J.: 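This is the structure, below, for whatever I ask next.
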2 protein chains.
Amino acid sequence: MTGKEIGQATIRDVAREADVSVASVSRVFNRLPNVRPELKERVEQAARKLNYVPHAGARNLSMARTGAIGVVLPDLHGEYFSEMLRGMEREAALHHRHLLLSNMHLDIGYGIDALRNMRGRVDGLIVMAPHINLDALFAQLPPSIPAVLLNCQDNGQGRPELRVDNVAGAGAMVRHLIDCGRRAIVHVEGPAGNVEAADRARGYVRAMEAAGLKPVILPGNFDEESGRRAVDRLQAEQIDVDAIFAANDMTAIGVMVALRDMGVDVPTQVAVAGFDNIPLARLVSPGLTTMAVDIADMGARGINRLVALIDGEAVPQMELRQPGLIIRNSSQLSAA
Amino acid sequence: MTGKEIGQATIRDVAREADVSVASVSRVFNRLPNVRPELKERVEQAARKLNYVPHAGARNLSMARTGAIGVVLPDLHGEYFSEMLRGMEREAALHHRHLLLSNMHLDIGYGIDALRNMRGRVDGLIVMAPHINLDALFAQLPPSIPAVLLNCQDNGQGRPELRVDNVAGAGAMVRHLIDCGRRAIVHVEGPAGNVEAADRARGYVRAMEAAGLKPVILPGNFDEESGRRAVDRLQAEQIDVDAIFAANDMTAIGVMVALRDMGVDVPTQVAVAGFDNIPLARLVSPGLTTMAVDIADMGARGINRLVALIDGEAVPQMELRQPGLIIRNSSQLSAA
DNA sequence: TGGTTTCTTGTAACCGGTTACAAGACGGCT
DNA sequence: AGCCGTCTTGTAACCGGTTACAAGAAACCA
């Protein structure tokens with residue numbers, strides 16, 4: 001009762017209590033084989049008595065390994081990121097790793113600070129920053145920290161990348177809409193400066209031109225609101241349209257809501273398509289035709305690569321994943 | 001070129017390079033005022049030259065503070081948790097704290113390990129475990145680690161709690177359905193052993209009995225699939241029903257999907273209601289009537305309380321938040 | 001019996017920061 | 001000049017673990 005009630009027991013306290021050396025306590029807790037059973041028992045009793053829990057921070061420092069992975073995201077809004085995070089978390093748990101979240105909050109200065117703060121906190125980084133030029137970011141960072149890039153602009157100094165083939169995906173979607181008999185296909189773009197958005201727009205333009213159709217692009221922002229605004233504008237400007245291909249699902253959903261409010265039927269009057277296949281896409285009605293990315297799996301793969309990289313294994317430099325067309329009722333009534 | 005290329009520069013390397021003591025380097029990096037400008041400049045130059053980034057782990061150890069908050073969740077599935085996480089992340093960033101994720105994966109043994117692993121890694125814990133008896137959990141943990149409980153079973157050894165008044169919310173929902181003229185109101189329950197689910201069921205039963213109606217409860221699991229199964233069962237057993245109150249929104253959405261597939265109109269034939277007001281609830285059609293919890297705000301409040309607790313401030317022991325009724329078209333056509 | 005091998009255990013240095021304390025430098029005052 | 005207070009800087013201990021190394025004990029063998 002006279003001991004220090006405040007503060008946790010340390011390994012030295014346990015050693016004293018069990019009348020052994022700290023090395024032995026360490027050995028017991030790390031399950032090293034060369035410990036006499038009697039001594040092991042004594043240590044365990046002492047640890048129980050003192051309610052000892054090893055201090056992970058100290059352990060990390062001396063082993064130069066934290067067991068944590070830093071995840072740098074631009075935002076946590078919407079299902080896209082939560083799906084990705086879910087995939088990452090599952091894979092990380094398999095490898096006995098934790099996830100340390102760090103939101104980039106769209107501000108690059110803040111992002112740099114956030115990244116630097118990660119040194120000594122994590123063993124590696126997953127960076128998802130479609131909107132930011134990574135050279136500025138990584139220039140501030142020691143080049144030796146392992147990192148895997150998800151859907152980033154193509155720089156990042158030769159680090160392994162995972163990417164969705166947005167150009168091909170957008171092209172496939174345009175062709176699908178054409179197959180459905182649509183000709184006046186309008187694209188609602190993603191935010192400016194976002195590589196994924198730019199690639200999808202590029203894929204759209206190419207496919208339209210290849211089919212001899214005139215591309216029409218409206219601005220957007222990857223959110224529901226911007227889909228609604230796009231529809232307003234279509235109506236205000238009396239633009240001829242029989243299909244709207246939005247840069248992502250949330251925008252497409254905004255489009256559908258606005259059309260519904262306006263009394264325009266989907267898909268008979270206007271077909272709607274999105275991109276990402278967020279869980280929600282299946283649940284709205286009509287179901288949303290979209291390009292499936294398997295977001296969670298992509299997150300999991302990213303973690304997997306990163307863990308390999310941390311463990312010093314060879315890792316493919318770049319993987320381009322092909323999204324798959326998911327046809328639902330928003331583009332074609334026979335579906336589902 | 002002959003130096004060690006491998007490994008980061010440490011504070012001692014910088015000190016040597018700038019020909020000052022480690023204490024001075026530390027002072028410069030921590031912006032302490034008592035440093036001569038000339039020396040400060042020298043240190044900064046040396047740091048730049050060596051591309052020095054302070055090692056957060058070492059700093060944490062010597063300061064006994066990590067700047068990280070551990071978040072223990074049962075699962076990451078669905079919008080409920082992602083919304084909560086989003087709220088937490090925002091608030092944490094305001095306080096310059098990171099979030100360390102730890103999934104409980106429904107297994108209590110795993111959960112205990114996960115919690116113990118947190119010592120020395122985080123300054124405090126947010127625990128959300130509606131399905132687990134916390135006494136077993138916290139018994140394994142040094143009592144001195146700060147923690148805030150979110151919607152947990154009422155134990156946790158006197159730690160601050162935040163909770164939704166699920167009983168009252170369920171009651172209000174039942175009364176709303178009755179006001180809409182419904183009498184045969186069936187409840188689809190949440191998973192067994194989950195306090196929130198149990199409270200909602202209790203609120204439902206009480207309100208039904210108070211109105212002189214007979215409660216009918218079907219099993220469920222908080223997911224879409226269980227909502228579908230519940231509808232199948234209602235049909236198979238020919239149960240009389242004019243309203244279905246599901247224990248949460250995902251279940252309610254499953255119910256709506258199944259009803260739609262079956263050709264039953266919502267709300268004219270059967271009204272549907274959920275609980276939580278996940279973002280999705282607004283987007284399905286018809287819009288889902290539900291109890292709004294403001295999940296993100298709840299997460300933010302939890303972080304806020306925890307930070308105060310870590311900083312040694314007084315924190316209210318318990319807060320019971322009242323959810324608000326959100327009426328949409330799934331219960332009442334005039335709405336929206 | 002003594003020598004060699006193997007197994008167990010302890011001592012102390014180390015991981016990379018922070019910080020209490022002491023000492024030196026400098027300026028102002030009598 | 002001598003004394004004192006203030007400001008800057010360095011030395012070394014410390015945070016709580018891990019682990020290289022050495023030493024002692026035990027087992028085995030000739």
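What's counted below: heavy atoms across the whole structure, side chains too, no hydrogens, waters or symmetry copies. Naming convention: chains lettered A, B, ... in sequence-line order (proteins, then strands); numbering from 1 in each chain. Everything numeric here is computed off the predicted structure, so don't read it as measured data.
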J.: Starting from the 5' end of DNA chain D, give me the residue, B:Ser62 or B:Lys40, whose nearest nucleotide shows up first.
T.: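 Nearer the 5' end of the strand: B:Lys40.
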J.: Does C:dG10 have OP1 or OP2 under 4.0 Å away from a side-chain N or O of A:Ser21?
T.: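 Yes.
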J.: Classify B:Tyr52 by what it touches in the nucleic acid, base, sugar-phosphate, or nothing, heavy-atom distance under 4.0 Å.
T.: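 Since only primed, P, OP1 and OP2 atoms lie under 4.0 Å of B:Tyr52, the category is sugar-phosphate.
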J.: One thing to verify: whether B:Glu44 and B:Arg48 come together as a salt bridge, which I'm taking to mean a side-chain N less than 4.0 angstrom from a carboxylate O.
T.: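 No salt bridge links B:Arg48 with B:Glu44.
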J.: Inspect the contact between B:Arg321 and B:Glu319 and indicate whether a charged nitrogen and a carboxylate oxygen are less than 4.0 angstrom apart.
T.: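 Yes, charged N to carboxylate O under 4.0 Å.
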J.: Just compare D:dG17, D:dT9, C:dT18 and give me whichever is closest to any side-chain atom of B:Asn30.
T.: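 From the listed options, C:dT18 comes nearest.
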J.: Salt bridge between B:Asp311 and B:Arg97, side-chain N to carboxylate O under 4.0 Å?
T.: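 So B:Asp311 pairs with B:Arg97 through a salt bridge.
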J.: Between A:Asp13 and A:Thr10 (side chain of the first, backbone of the second, donor and acceptor by atom type, cut-off under 3.5 Å), is there such a pair?
T.: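 Yes; judged by distance alone, with no hydrogens or angles, the pair exists.
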J.: NA contact type, B:Ala23, heavy-atom cut-off 4.0 Å: base, sugar-phosphate, or nothing?
T.: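 The residue B:Ala23 makes base contact.
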J.: Choosing from D:dG16, C:dG10, C:dT19, which nucleotide comes nearest the side chain of B:Met63?
T.: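 Among the listed nucleotides, the one closest to the side chain of B:Met63 is C:dT19.
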J.: Taking any heavy-atom pair under 4.0 Å as a contact, classify A:Ser24: base, sugar-phosphate, or nothing.
T.: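 The answer is sugar-phosphate, as A:Ser24 gets under 4.0 Å only of primed atoms, P, OP1 or OP2.
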J.: Between P on D:dC15 and CD on A:Gln8, what's the gap in Å once rounded to a whole number?
T.: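 Nearest whole value for this atom pair: 15 Å.
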J.: In whole angstroms, how far is the C1' atom of C:dC15 from the CG atom of B:Asp13?
T.: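 B:Asp13 atom CG is separated from C:dC15 atom C1' by 13 Å.
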J.: Write down the distance between CZ (A:Arg65) and P (C:dG16), rounded to a whole number of angstrom.
T.: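 Whole-Å distance recorded here is 15 Å.
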J.: Between A:Ser26 and D:dT18, is there a side-chain N or O to OP1/OP2 distance below 4.0 Å?
T.: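 So the side-chain polar atoms of A:Ser26 do come within 4.0 Å of the phosphate oxygens OP1 or OP2 of D:dT18, strictly under.
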J.: What is the distance, to the nearest angstrom, from the CG atom on B:Leu50 to the P atom on C:dG16?
T.: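 Taking CG of B:Leu50 and P of C:dG16, I get 14 Å after rounding.
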J.: Which nucleotide in the list C:dT9, D:dT11, D:dT18 gets nearest to the side chain of A:Val35?
T.: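 When the side chain of A:Val35 is considered, C:dT9 is the closest of C:dT9, D:dT11, D:dT18.
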J.: Has B:Asp123 got a side-chain atom pairing as donor or acceptor with B:Gly67's backbone, closer than 3.5 angstrom?
T.: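 Confirmed, B:Asp123 side chain pairs with B:Gly67 backbone.
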J.: Roughly, in whole Å, what's the span from CZ in B:Arg16 to P in D:dG10?
T.: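 In whole Å, D:dG10 P and B:Arg16 CZ are 14 Å from each other.
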J.: Could you tell me how far apart A:Asn117 (CG) and C:dG17 (P) are, to the nearest whole angstrom?
T.: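 Distance check: A:Asn117 CG to C:dG17 P gives 13 Å.
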J.: Kindly point out which of D:dG17, C:dA12, C:dT9 is positioned nearest to the side chain of A:Arg12?
T.: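 Nucleotide nearest to A:Arg12's side chain: D:dG17.
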J.: With the side chain of B:Leu61 defined as its heavy atoms from C-beta on, choose the nearest nucleotide among C:dT11, C:dG16, D:dG10.
T.: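 Selected nucleotide: C:dG16.
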J.: Base, sugar-phosphate or nothing for A:Asn60? Non-hydrogen atoms, less than 4.0 Å.
T.: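 Contact class for A:Asn60: none.
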J.: Salt bridge check, B:Arg86 against B:Glu83: does any charged N sit closer than 4.0 Å to a carboxylate O?
T.: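 Yes, B:Glu83 and B:Arg86 are salt-bridged.
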J.: With heavy atoms under 4.0 Å as the rule, sort B:Arg119 into base, sugar-phosphate or nothing.
T.: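 The answer is sugar-phosphate, as B:Arg119 gets under 4.0 Å only of primed atoms, P, OP1 or OP2.
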J.: Looking at C:dG16, D:dT9, C:dT8, which one has an atom nearest to any side-chain atom of A:Arg36?
T.: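 The answer is C:dT8.
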J.: Give the rounded distance in Å between these two atoms: CD of A:Glu38 and P of D:dA26.
T.: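 Value for this atom pair: 13 Å.
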J.: Rounded to whole angstroms, how far apart are NE2 on A:His55 and C1' on D:dT18?
T.: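 A:His55 atom NE2 is separated from D:dT18 atom C1' by 15 Å.
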J.: With nearest nucleotide decided by heavy atoms, which residue, A:Pro37 or B:Pro54, maps closer to the 5′ end of DNA chain C?
T.: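 With A:Pro37 and B:Pro54 compared, the 5'-side residue is A:Pro37.
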J.: Hey, which sits more toward the 5' end of DNA chain D by its nearest nucleotide, A:Ile11 or B:Leu39?
T.: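 So the residue in question is B:Leu39.
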J.: Counting side-chain heavy atoms from C-beta on, which of D:dG10, D:dT8, C:dT8 comes nearest to B:Asn34?
T.: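 Closest nucleotide to the B:Asn34 side chain: D:dT8.
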